[in-house]
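Structure record follows, encoded as C-alpha cells.
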Amino acid sequence: MIQKPRGTRDFLPDEMEARRSTEAKMREAVRRFGYREVCTPEFEDLELFTLRSGEGIMQEMYVFEDKGGRKLALRPEITAAVIRMYINEAKVAPKPLRWCYFADCFRYERPQKGRYRQFWQFGAELIGADTAMADAEVIMLASEALNATGVTWDLKVGHLAFMRNLLAGLEPAAQRRVMAHLDKKDFEGLAATLEGMGKSALNDSLTALVECRTLKEAFEIAGAIPEKDRVEQTMAILDAAGVTYSLNFGIARGLDYYTGMVFEGFAHNLGAENQILGGGAYRLAHLFGGDDVASCGFAIGFDRVMVSLGDAAPAKDTIAAIICTDEGRSFALAVARQFRAAGIRAEMDLMARGLGAQLARASKSADFAVVIGKREADAGQVTVKDLHSGEQKTLDPAAAVAEVKAYRTR
RNA sequence: GCCAGGGUAGGGUAGUCUGGUUAUCCUAAGGGGCUGUGGAUCCCUCGACCCGGGUUCAAAUCUCGGCCCUGGCCCCA
C-alpha cells in the first residue's frame, strides 16, 4: 500500500469542515479591515528564499530542478513571495496595499505535534505605510483574526530598537549571536558569548531588557532610541483599540530583515510548538530588486490553531434524505431539486435499497426523511418525517421545504 | 540530525513478557430475511499482524535493519 509522504496529512470531510469554518472566521476578520486576498505560486525561484534567509534555509526546503534546469523550491513561507509579487505586479498601486493570504507551505523538518512538512499559513501584509498606525493596525488585525477563531492565546509585542541600541557597538554577526540567545531566553549562553567578546558589561542591561514589561523601564535600560515617539504612539493606539497584549523586548524573531516593531502569539494549550503567530515591520523589497518600501505583516500557523481548538465539531448541515420507491422516483427527483434549490442538502438512495432500508440508513445520518412512494407521487405530495422526534406529516413539496428549512434556525 | 515510546481489518482492541489450533472481541462496511415507516434482531460476507533480513521444526511474539506514527530536543522564514 502506498503511504502518504512523511509529515503530510489527509483530511476527511469532518476535519475539512472544521478547517474551512475556522478559515472563514479569519477571512471575515481581515476583510473588515479591508485586506484582500492574493495568491502566489506554490513554487518559486530558489533564490527568492535564499536571498531572504541565507543558504542555511536550503536544508529545510524542498528544492528541485525542473526539466529546463531551473533551481526551484516549494515555498517555505509566503511573505517573500508576496513582496516579490508586489514588485512584479503592483509597484505603482496606490499605497497602502492591504493584502492577505491563506496558503500551504512546505518545510523539510522533523514532524511532531503542530509541525508538519506541509502546513497552512494565514497571513496579511501591509505594504507602503510606515507609521505607528500601520504597525498597530497589523497587530490589531492579527489579534482580531485569532480571537475570531476562539483560540485562547497570549500576544507579546516588542521592538527591535531597544536591543539594537544596546548592541550598537557590536559587529552585525556578533549582534545576531547575542540576539539569538535573547530570543531563546538562554541567559547562560548569553553570558558566555558576551564574555568571549569582552562585552560582559552588557549582560545586566540586556537581561533586564528582556525581563522588563513596561515602556518606561525599557527606555531607562536602553537609553535614548530614535524610535521612542513611534513606539509610544504604537502602544497608545493598541491601548485605545482595546488590544490585549504584553510587552516583551526580548523578541528577536531570529531574522535580520525585521526593522522595528515585532510581535508573537502563543497558544495556551499546545506543547513545544505553541507559537501560533509571528510578525513585525520589515523591509524586504530592495532584496528582490524593488524599491525599499516599508512593510508590516504577520503569519498565523493555521494547523496549530486547529490543534489548539481541538475536536469541537462544526455546526452540521441539516440533511434531508429523499426516500422513494421505484414508482415515486420521477417525482422524488423533482422534489430533491426543489430542496436543493432552497439550499438544503438533499440526498437520495444510490444502492437500490427498499423503503425500510433507506429509512434505516437515513435515521443514522439525516435529520429528515422525505418519503415518496406511489401514494405521494399520485397525490403530488410528500411525507416528511422528523427523524429526531418521529413525527411525520404529508405536505405539498413547497411546504415540506419550508418545514425543513425552518429546522435550521430553531 | 538526536532521544524516548509505539505500529495487529476502515476505527478501537486481545494476544507479545513465556514462539505452537482456523489471531480475540467491539464497531463500521456490504449482502440476505423484510418490501410503505427506521435505528432492533437473526444469518451471511468483507477485512489485519508496517516492510525486509536473521534465529527456529515453527515468528504477531525473539533479534537486526528500514519505513512510518506520537511526544521531546534541535531548528523554526
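In what follows, every chain begins at residue 1, and chains take the letters A, B, ... in the order their sequences are listed.
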Sub-6.0 Å ring centroid separation between A/Y407 and A/F368 = yes

If you look at every strand shown and take non-hydrogen atoms under 4.0 Å, does A/T383 touch a base, only sugar-phosphate, or nothing?
-> base

P-based separation of B/U45 from B/G7 [nearest Å] | 30 Å

Applying the 3.5 Å cut-off to both distances, the Watson-Crick or G-U partner of B/U37 turns out to be none

Qualifying residue, where the test is side-chain hydrogen bond (donor to acceptor under 3.5 Å, both in side chains) with A/T383 and the options are A/R375, A/Q392, A/E376 | A/E376

Just wondering, do A/R230 and A/D130 contact through their side chains at under 4.5 Å, heavy atoms?
-> yes

Closest non-hydrogen atom pair, A/L309 against A/G150 = CD2-C, 3.8 Å

Evaluation steps, side-chain hydrogen bond (donor to acceptor under 3.5 Å, both in side chains), between A/E273 and A/Y116 = CA-CA 11 Å; A/E273 305 290 334; A/Y116 308 97; over 6 Å; no

For A/Q358, report the nucleic acid contact type (base, sugar-phosphate, nothing); a contact means any heavy atom under 4.0 Å.
-> nothing

Could you check A/A357 against A/E273 and say which one's nearest nucleotide on RNA chain B is further toward the 5' end?
-> A/A357

Is a side-chain donor-acceptor pair under 3.5 Å present for A/N147 with A/W153?
-> yes

Could you check whether A/G301 gets within reach of a base, just the sugar-phosphate, or nothing at all, counting any heavy atom under 4.0 Å?
-> nothing

Verify whether the ring centers belonging to A/F302 and A/F102 lie closer than 6.0 Å.
-> yes

Under 3.5 Å on both distances, the Watson-Crick or G-U partner of B/U61 = none

Any side-chain N or O of A/R361 less than 4.0 Å from the OP1 or OP2 oxygen of B/G30?
-> yes

Atom-to-atom span, CG of A/L350 to P of B/G30 - whole angstrom = 12 Å

According to a strict under-4.0 Å criterion, is A/R353 in side-chain N/O contact with OP1 or OP2 of B/G31?
-> yes

Please figure out whether A/P5 or A/G373 has its closest RNA chain B nucleotide nearer the 5' end.
-> A/G373

Rounded to whole angstroms, how far apart are CG on A/D378 and P on B/G36?
-> 15 Å

Taking a pair to mean Watson-Crick or G-U wobble geometry with both distances below 3.5 Å, B/U18 pairs with none

Would you indicate what A/E376 reaches in the nucleic acid, counting non-hydrogen atoms under 4.0 angstrom: base, sugar-phosphate, or nothing?
-> base

Is there a donor and acceptor pair, one atom on the side chain of A/Q392 and one on the base of B/G36, closer than 3.5 Å?
-> no

B/C25 versus B/C64 - spacing of their C1' atoms, nearest Å = 33 Å

Spacing of the C1' atoms in B/G54 and B/U70 (rounded, Å) = 29 Å

Find the distance A/Y101:OH to B/A77:P and express it as a whole number of Å.
-> 13 Å

Which pair of heavy atoms, one from A/Q121 and one from A/A299, lies closest together, and at what distance?
-> OE1-CB, 3.8 Å

Mind calculating the distance between CD (A/E391) and C1' (B/U37) to the nearest angstrom?
-> 15 Å

Is there a Watson-Crick or G-U wobble partner for B/G71 with both distances under 3.5 Å, and which nucleotide is it?
-> B/C3

Show each protein N/O and nucleotides 39-44 of chain B N/O combination with a separation under 3.5 Å, one pair to a line.
unit_1	atom_1	unit_2	atom_2	d
B/G39	O6	A/L387	O	3.4
B/G39	N2	A/S363	O	2.6

If you measure from the P atom in B/C26 to the same atom in B/U37, how many Å do you get, rounded?
-> 31 Å

Using atom P of each nucleotide, how far apart are B/G5 and B/U63 to the nearest Å?
-> 13 Å

Under a 3.5 Å limit on both distances, the Watson-Crick or wobble mate of B/C49 is none

Atom CZ of A/F49 to atom P of B/C76: distance rounded to whole Å?
-> 17 Å

Using the C1' atom on both, measure B/C62 against B/C49 and round to a whole Å.
-> 16 Å

Sort and list the pairs that fulfil side-chain hydrogen bond (donor to acceptor under 3.5 Å, both in side chains) and have at least one residue in residues 331-340 of chain A, not counting sequence neighbours.
-> none

Write down the distance between CZ (A/R375) and P (B/G36), rounded to a whole number of angstrom.
-> 9 Å

Side chains of A/F331 and A/V382: does their closest heavy-atom pair fall under 4.5 Å?
-> yes

With rounding to whole Å, what would you report as the distance between B/A28 and B/C42 at their P atoms?
-> 13 Å

Whole-Å C1' distance, B/C51 and B/U13 = 23 Å

NZ of A/K4 versus C1' of B/G7: gap in Å, rounded?
-> 13 Å

For residues A/E77 and A/F49, determine if any side-chain heavy atom of one lies less than 4.5 Å from a side-chain heavy atom of the other.
-> yes

Interface with RNA chain B, restricted to residues 112-125 of chain A and to heavy atoms under 4.0 Å | A/Q112, A/K113, A/R115

Can A/R107 be said to sit on top of A/Y62's aromatic six-ring, NZ or CZ under 6.0 Å from centre and within 45° of the ring axis?
-> no

Distance test, side-chain N/O of A/R6 to OP1/OP2 of B/C69, below 4.0 Å | yes

On a plain distance test, is the side chain of A/R110 in donor-acceptor contact with the base of B/G71 below 3.5 Å?
-> yes

Let me know the distance between NZ of A/K385 and P of B/G36, rounded to the nearest Å.
-> 14 Å

